[in-house]
Each structure stands twice: as C-alpha cells, then as structure tokens.
2 protein chains.
Amino acid sequence: MVTIRDIAEATGVSATTVSNVIHGKDNRVSAETIQKINEAIKELGYVPNMSARSLVSSSSRVIGFVNHVITRENTNFMEDPFHSAAIGAIEATLRENGYFLMLRTVENAEELVTFLQRWNMDGLFFTGIFKDKFFDSLAGLHIPVVLLDSYVHTSGFCNVGLEDFTGSYNATKHLIEKGHRQIGFASPNIKDGGVLQERFLGYKSALAEAGIPFEKGIVFQQEMDLNSCRQICNDIVEHPELTGLVVSADIMAAGIMTGLKEKGKRIPDDISIVGFDDISLAQLVDPPLTTIHQDMNLKGRLAVDFMLQLLNGKTLDTTEITLSTRLVERSSVKDLR
Amino acid sequence: MVTIRDIAEATGVSATTVSNVIHGKDNRVSAETIQKINEAIKELGYVPNMSARSLVSSSSRVIGFVNHVITRENTNFMEDPFHSAAIGAIEATLRENGYFLMLRTVENAEELVTFLQRWNMDGLFFTGIFKDKFFDSLAGLHIPVVLLDSYVHTSGFCNVGLEDFTGSYNATKHLIEKGHRQIGFASPNIKDGGVLQERFLGYKSALAEAGIPFEKGIVFQQEMDLNSCRQICNDIVEHPELTGLVVSADIMAAGIMTGLKEKGKRIPDDISIVGFDDISLAQLVDPPLTTIHQDMNLKGRLAVDFMLQLLNGKTLDTTEITLSTRLVERSSVKDLR
DNA sequence: TATAATGAGTTAAACGTTAAACTTTTTTGC
DNA sequence: GCAAAAAAGTTTAACGTTTAACTCATTATA
C-alpha cells in the first residue's frame, strides 16, 4: 500500500504538503511542487485511505441507505420496486459528488444509530416506517437525514413523499364516478404509519364522502406474490356483489387480475380494478391497468438533491416535498353508468 | 463520542483489555472484569469506530457490490431485476455475519481497484462484463472475489452463473420442435462477453443444429423500455415470414407482446414468443409467457455462501457454480405441426 | 529602512483501535 | 520448596491522514 508519506518522500516534501495538494488547498503550494506531487501520485498509484481520513476528520463520505423493517422475516430489501429505481439515481449522483453508499436494513432505532455511528456516516436516507423515537436518536447525530416515503408527525428532517392518501382517494373516486358502489380494497399487509395505511385511509375517505358504508369484509390483505394473490381471489369471488377493487400496489393488482381470470372472471366486465404506482408492468398486463401514477425515479432524484444541499451546508427553502399522483386511465375499469 | 479509552477508565482497566473483551479474546481476562466492561459498554453506549479498527487491522468488514457498466449513460444500477433479488439476500446474510455492503457502479478496472483500496474492502461481488485486465488488477488485492453472471475465460475467482447458452438454445429448440423455422431474436443491446451474448449464441447454435440458416435481419436489438419495444415491433411486422421469436429477457418479451398486440398481431396465433428469466411478470401477461426459468434468489444465496466461506478462510471444493435453467411452458407458443 | 504581509512550506500531535511484547502475580508439578 | 507455566493483565507503537501552529525567506508598504 502506498501512502501519502511515500509520495512525500518521492517528491522530497512533507506529508502535509501532499495532503494540501490532494485537497486543492494549493494556494499554499508552488505550481512546480503541485505538478511533481501529482506526477508521483499517478506514478506510484496512490489511493487515499478513507479509514484514516475518516478517523481524523470525523467525516467518512459514506451515506447510509437504510430500510426500516418491522421484522426481518420474509423481508427482501428490494421488495419494493421503488427502491430499485431510487437507489440507482441515488448511487449515480452520490458517486459524482465523491460520496459512497452503504445499504442496510434495521429493525429498530438502536440498530440504526449504531450503524451510523460505527461508520461516522455523513448522511442518511431512510425508508420505511418512521417511529417517533427514531427522531430523538437521529437528532443527536447531527447529520443530514432524508426521509423517503415515511410518514412523520413532526420532524426537522427532509422528507420526500407521495400523496398516497389523495392518490388512493382518487382511485376510489374514479370507480365511484364510473357508477361503482361495491368497491373492495386489496393490499399487502397494512402496517401502522406506512404508505399502505395512507392508501387505505384514502380509500375509506372516498367511500365516506360518497355515502358508501365501509365494510371490513371486503378489505383483503396478503403478501404480494402470485400465490398469495390467488388466495385473495378465493375470497374476492365470495363477494359477487363487488363490481370494483382498489389495489394498493400494481404488482398485486397484476397478480389478482391473473387469479381472477383463472377463476373465469372477466376484467373489467365482471370486476373493475384500479392499481397504484404505475410500474411498467401496468401497461403490459391484459387488460392494461388503470392506475395511480407516481414518478419513482424523480423521488430518488429529489431525495439526493436534498442530501447534497444539506451536505454542502446550504440552507433549504423547503424541507418537505410531497409528489402528487395522477390517474392513468387504461382499460381495467368499466363504466357502469 | 465514547471511545474504548472511556470504557477503560470507567472500569479501571487498560484499553487493550477492553479491546480483548470486545473481540472475545476473553481467555486473557477474568470473568469479573468481563462483566464490568460489558456493563460499562452498555451504560455509556459505546460503539466501535470502524475507521480506527479498519485502519489498524487493515480489514474493514466492508464488502463491495460492484456493477461494471460499459457506459454510465442510461444505466440504472438496478435495471437488471436480478440485482434486486440478489442484493436482498446478500445484504441479509452479510449483516448476520457482521459485514457491511457498499454499492457502486464502475466503468473500468482503475475505478474498481481504487474503490476497493480506498476502503480496504474485505471482499467483492462483481456483476457485469468481466474484462481480462480486471483479473490482474483484482488478483493483486488478495481479497475474496465472487463473480455473478460474469463470463470469464480463466480466473481463480468464484463464479456463480447461469446456463445462458443452453437456456437460450433450449428456448429456440422448443420453437423448432413446435414446427417453427422462421425464428427471430430480440434482445437488449448485446455486448461482448455478457450474458446476452451467450443467449444470442445459444439461439444461433440451435438454428445451426436444425439446419436453419442464420439471418442477421431478424435480430432485433433495443433498450428494454416499452417505447423501444414498440419500435422493435415496427421492424418485426416487416418480417411477416416470422412465426416465432426468442426474446432474451422477459421484461422485453412483455413489452414486445404489448407492442405486437397493439399492431393487431395475435400471440401465439400470428407469432409465438419465448422469453428468458421467468420473472413474476411472465405469469401475469396475457397470454402467460413461455420462458426459461432461473432462480435469481438462489443465485444471490450461493454467491454470499461463497463469499462467507472465502472470508472465513475455508478451502472450497468448487469455485464455479453454473445454475441450470428449465423451460416453463405457458401459452405464448403455438404448435405448428 | 523597518515592519508587515505573503508565499511556501514544516513539525508535531491527534483521531480510535489493535498487536506484539512485556510484567506481575498466582498456581501447578515434581 | 522451587522452577515453570498459567492467569490477568499493561505498555508502547503503529495504522494513514489531517489540522493547528510554527518557520523562514522574500516581497510589499509606510
């Protein structure tokens, strides 16, 4: 391993001077020396040791991307298709700015803080359900925190979210406007404080507004895989009164469509379906899925923008961005009027 | 920040002793002292500083997950659905074993090595196209390297791959056996040395074996998004002689199916399609897609198994695993006999 | 001309942890 | 009862980098 001292010796100069050149504090160094040092760096193949740097400067240039999971069972970090799109954008931008990205799932505040402290993290992207006590733990760390799709009662952290409530409200309202009155709700397991809960509340709110009584029996919760969707379909067909279904995730909507078709149901003739997310799949299923569109890539870009501004010590004019959604009409909803 | 010295002072013992306790070298420490130290650690909330540890021990407990991209334009780290499934499994297992995961795209060997050196990485997962010179650069680092879906002429690295050639060969042969003779090939842009090239070669090999001349004009290359697929469809319909199409990725197959249906083509009546990967989407499109199945999650699990064995200094009985594929017949292929 | 300011560096200490080489006391074997 | 071994530590140096505080010429200012 070649160190800064090797470069110093090779150029007949002190380690400090080399360090200064590397960090662009060249005003203290002559042009000639700068050149000699840069040549030596290239020649000897010097690569800065981040551990040493991090140790002395207590800034590591590492940003954590942490997903809070309630339990690790059956949890795949990337299960949410959103993550894939966002992480791609985040990695690219961070790299361009000289930062590094570390991935992690955590189950609680202690794990989270320990993780951040161990590495002297410079920043944190947080996804998943944000509990109140996370705030206290994180605030003490004094690092930029950007929340992604996390619902928070009160926090000073940056937050990039989505109008989950309104989106789901609009999905439901769309069915109502098309003359539907018996509308079910299918979703991956709803956890308190998560996006799915918001989407559930949006559904309920639209029903209430239209004077349609909410019925527990037509809320279907299950895992997202195809087999679970097939199970849900067993329940759905036991409610022949249903003419419409709001599904809080496109992946699941697609699974349910497949399951219903297997049972001989026609979509949208027998039952209309509205999804959520507008992942590329939505255009590919048959019939193409009417769904609530969100721009996942943009969410990632906005999040990393926030992060960079915070890292550069800029003061922000906004700390919260809630992206709006938009209904994309395709062919999975029948007009009953 | 509370350090190992704070713990030492609090318990009236030396830093080394604390370090020993933390690392389970307790044979040198009395039970009583161990307990006192552990209590102090808990009480004061001590968290080891990985930078310091890494600096002195030249082992960081960080594993890199690096994706080699030819050019960063239009490249999303997670574009390949495989990555999502694999990274989930890898993160979980690494964490359980006290390792950390850093994500990165690189464009060349230099970037790769610099990345690994900066952080004193303990191991590397590598995906994407593996160039010969990568080997020389990596070998000098003396860290475990596990290749994922990378084709390599000769290397001492562990390798978890897939029978891409055979899978694609079987996909093509399936069409031939069903009486097809005019079979096109659609794929995301084929790069030398990648999995897509293998799949392309498998296609050609099956044609050759059946005595069907290969025609350049019916190989269609494009990006994977829906609009690019629609473009491909413009070209495909200009070859009305085609009765079958091998598509080297399910995502693309789904896009092409949509595009073709928009143009009034019936699948499989007008044209039969075989995909590759068997992502969940394959069951959800209409008609359900006949495709080549691979177990992406297993790939990730095997890769991380390799890594852990290498990290633990175990000698391996195998260093190469090539997963086999299997044709899953659904409804996108018509029997012409 | 004396003094201040600038340019181009250097030295020494510090960051938190670990490894190697010691030390001191107690126990064991014969 | 004495040497050897084990138990339970300690001391010191080192890992590679940065930062704060110096130094020593040379140039500019009044």
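Naming convention: chains lettered A, B, ... in sequence-line order (proteins, then strands); numbering from 1 in each chain.
To the nearest angstrom, C1' of D/dA14 lies 17 Å from CZ of B/R53. Counting to the nearest Å, the P atom of D/dT17 and the CZ atom of A/R5 are 9 Å from each other. What separates CD1 of B/I22 from P of D/dG9 is a distance of 15 Å, to the nearest Å. Put simply, CG on A/N20 is 9 Å from C1' on D/dT19, counting in whole angstrom units. The interatomic distance linking A/I34 (CD1) with C/dG7 (P) rounds to 13 Å, in whole Å. Atom CE of A/M1 is separated from atom P of D/dT17 by 6 Å (rounded to the nearest Å). When the P atom of D/dG16 is taken as reference, atom CG of B/N120 falls 9 Å away, rounded to whole Å. Residue A/I4 contributes atom CD1, which lies 13 Å from atom P of C/dT10 at whole-angstrom precision.
Residue A/L55 is the one, among A/L55 and A/K25, whose nearest nucleotide of DNA chain D lies closer to the 5' end (criterion: closest heavy atom).
Among the nucleotides C/dG16, D/dT10, D/dT18, the one closest to any side-chain atom of B/V13 is D/dT10. Considering only the side chain of B/V56, D/dC15 comes nearest among D/dC15, D/dT18, D/dG16. The listed nucleotides are C/dT17, D/dT11, C/dT10; the one nearest the side chain of B/T16 is D/dT11.
In the displayed structure, B/E110 atom CD is contacted under 6.0 Å by at most 12 heavy atoms of other residues, nucleotides or ligands. Within a 6.0 Å sphere centred on CD of A/E43, heavy atoms belonging to other residues, nucleotides or ligands number 12 at most.
B/S14 has a side-chain polar atom (N or O) that falls below the 4.0 Å cut-off from OP1 or OP2 of D/dT10. Phosphate contact (OP1/OP2 of D/dT10, side-chain N/O of B/T17, threshold under 4.0 Å): present. A close approach under 4.0 Å does not occur between any side-chain nitrogen or oxygen of A/S51 and OP1 or OP2 of D/dC15. Contact check, A/S19 against D/dT19: no side-chain N or O comes under 4.0 Å of OP1 or OP2. Phosphate proximity of C/dG9 to A/T33: present, with a side-chain N or O under 4.0 Å from OP1 or OP2.
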*So B/V21 and B/V13, side chain to side chain contact (heavy atoms under 4.5 Å, CB included) or not? Walk me through it.*
CA-CA 11 Å; B/V21 169; B/V13 91; over 6 Å; no
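With hydrogens and angles ignored, no donor-acceptor pair under 3.5 angstrom links the side chain of A/R28 to the base of C/dG7.
Once rounded to the nearest 0.5 Å, the distance linking CD of A/Q309 with CG of A/D317 reads 7.0 Å.
In this model, a donor atom of one side chain and an acceptor atom of the other lie less than 3.5 Å apart for A/N67 and A/T127.
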